[in-house]
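Quick notes on the structure that follows.
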Amino acid sequence: MKNTGMTRSLDTLNRIVVPKEIRVTMNIKCGDSVEFFVDEETGFMALKKYTGVTCKLCGTVEHLTYYRASFLCVDCTQKLKGNIDCCPIPAPSVQEHTLPKRTNQSAEKLLGRLRELMQEHPDARQYDYAKWLGVSQGRVSQLKKLL
């Protein structure tokens with residue numbers, strides 16, 4: 001739940017107008033039914049668009065199955081199982097997005113290489129040294145303390 005910061009007062013007939021921004025966000029149109037939820041202990045009231053007992057994907061009312069707080073019809077369930085009407089592009093494998101594993105280098109080698117780089121490029125930033133050495137900026141800072 002998020003606080004919208006909008007407030008509305010009741011009119012003389014104890015009615016309230018749902019702000020347009022919320023109606024658009026929740027896809028509530030004129031004539032749609034709205035369902036109210038109330039927590040008496042906290043005084044909290046919520047509302048949502050009433051969809052009734054229909055398929056979450058296609059809106060049919062026949063041959064429904066309850067799955068994870070939603071109703072799905074048999075046809076949509078079969079389509080989901082067989083990836084029918086789904087995007088034909090396969091999802092990329094996780095291995096394609098993994099970063100290459102860094103190899104641990106000895107501190108002596110890194111110190112020697114850092115000395116050389118600092119002599120060659122005395123005005124370079126710590127970021128540049130880290131990039132050239134293949135280590136983090138924090139590691140470069142640690143190596144500088146050892147010099």
Q | Over 12 foreign heavy atoms within 6.0 Å of CD, Glu40 | A | no
Q: Report yes if the side chains of Arg139 and Leu133 come closer than 4.5 Å at any heavy-atom pair, otherwise no.
A: no
Q: With the side chain counted from C-beta on, respond yes when Leu47 and Met26 share a heavy-atom pair under 4.5 Å apart, and no when they do not.
A: yes
Q: Please name the pair of heavy atoms, one in Val18 and one in Ile22, separated by the smallest distance, quoted to 0.1 Å.
A: CG1-CG2, 3.9 Å
Q: Using the test side-chain hydrogen bond (donor to acceptor under 3.5 Å, both in side chains), find all partners of Glu116 that sit at least two apart in sequence or belong to another chain.
A: Arg113
**Q.** Nearest non-hydrogen partners of Leu143 and Leu114, listed with the distance
**A.** CB-CD2, 3.7 Å
Q | Neighbour count above 12 (heavy atom, 6.0 Å) for Met45 CE | A | no
(Q) How long is the straight-line distance from NE2 of His63 back to CG of Leu72, given to the nearest 0.5 Å? (A) 14.5 Å
Q: With sequence neighbours excluded, tell me which residues meet ring-ring contact (aromatic ring centres under 6.0 Å, His included) with His121.
A: Trp132
Q: Tell me whether Met118 is reachable from Leu146 by hopping between hydrophobic residues (I, L, V, M, F, W, Y) whose side-chain heavy atoms are closer than 4.5 Å.
A: yes
Q: Enter the distance from Leu110:CG to Gln142:CD here, rounded to the nearest 0.5 Å.
A: 10.5 Å
Q: Could you pull out the closest heavy-atom pair between Cys73 and Glu62, with the gap in Å?
A: CB-O, 3.8 Å
Q.
Could you report the tightest heavy-atom contact between Asp32 and Asn27, atom names first, then the distance?
A. OD2-O, 3.8 Å
Q | Within-4.5 Å side-chain heavy-atom neighbours: Arg23 and Val17 | A | yes
Q.
Atom CZ of residue position Phe37 - does it have more than 12 heavy atoms of other residues, nucleotides or ligands inside 6.0 Å?
A. yes
Q: Could you walk me through whether Asp128 and Arg125 pass the salt bridge (charged side-chain N to carboxylate O under 4.0 Å, His left out) test, one step at a time?
A: CA-CA 5 Å; Asp128 297 324; Arg125 298 176 301 160; 3.7 Å; yes
Q. Taking the side chain as C-beta and beyond, is there a heavy-atom pair between Leu57 and Leu80 under 4.5 Å?
A. yes
Q. So with a 6.0 Å cut-off around NZ of Lys144, is the heavy-atom count from everything else above 12?
A. yes
Q. For atom NZ of Lys49, is the number of surrounding heavy atoms from other residues, nucleotides or ligands below 6.0 Å larger than 12?
A. yes
Q.
Please report the interatomic distance CD1(Ile28) to NZ(Lys20), rounded to the nearest 0.5 Å.
A. 14.0 Å
Q. Tracing side-chain links under 4.5 Å among I, L, V, M, F, W and Y, which residues wind up in one group with Ile16?
A. Leu10
Q.
If I compare all heavy atoms of Thr54 with all of Phe71, which pair ends up nearest, and what's the gap?
A. O-CB, 3.3 Å
Q.
Once rounded to the nearest 0.5 Å, what's the spacing between atom CD of Gln78 and atom NZ of Lys81?
A. 5.0 Å
Q. With distance as the sole test, does Gln126 use its side chain to make a donor-acceptor pair with the main-chain N or O of Gln137 at under 3.5 Å?
A. yes
Q: For residues Val53 and Val61, report the shortest heavy-atom separation together with the two atoms involved.
A: O-CG1, 3.7 Å
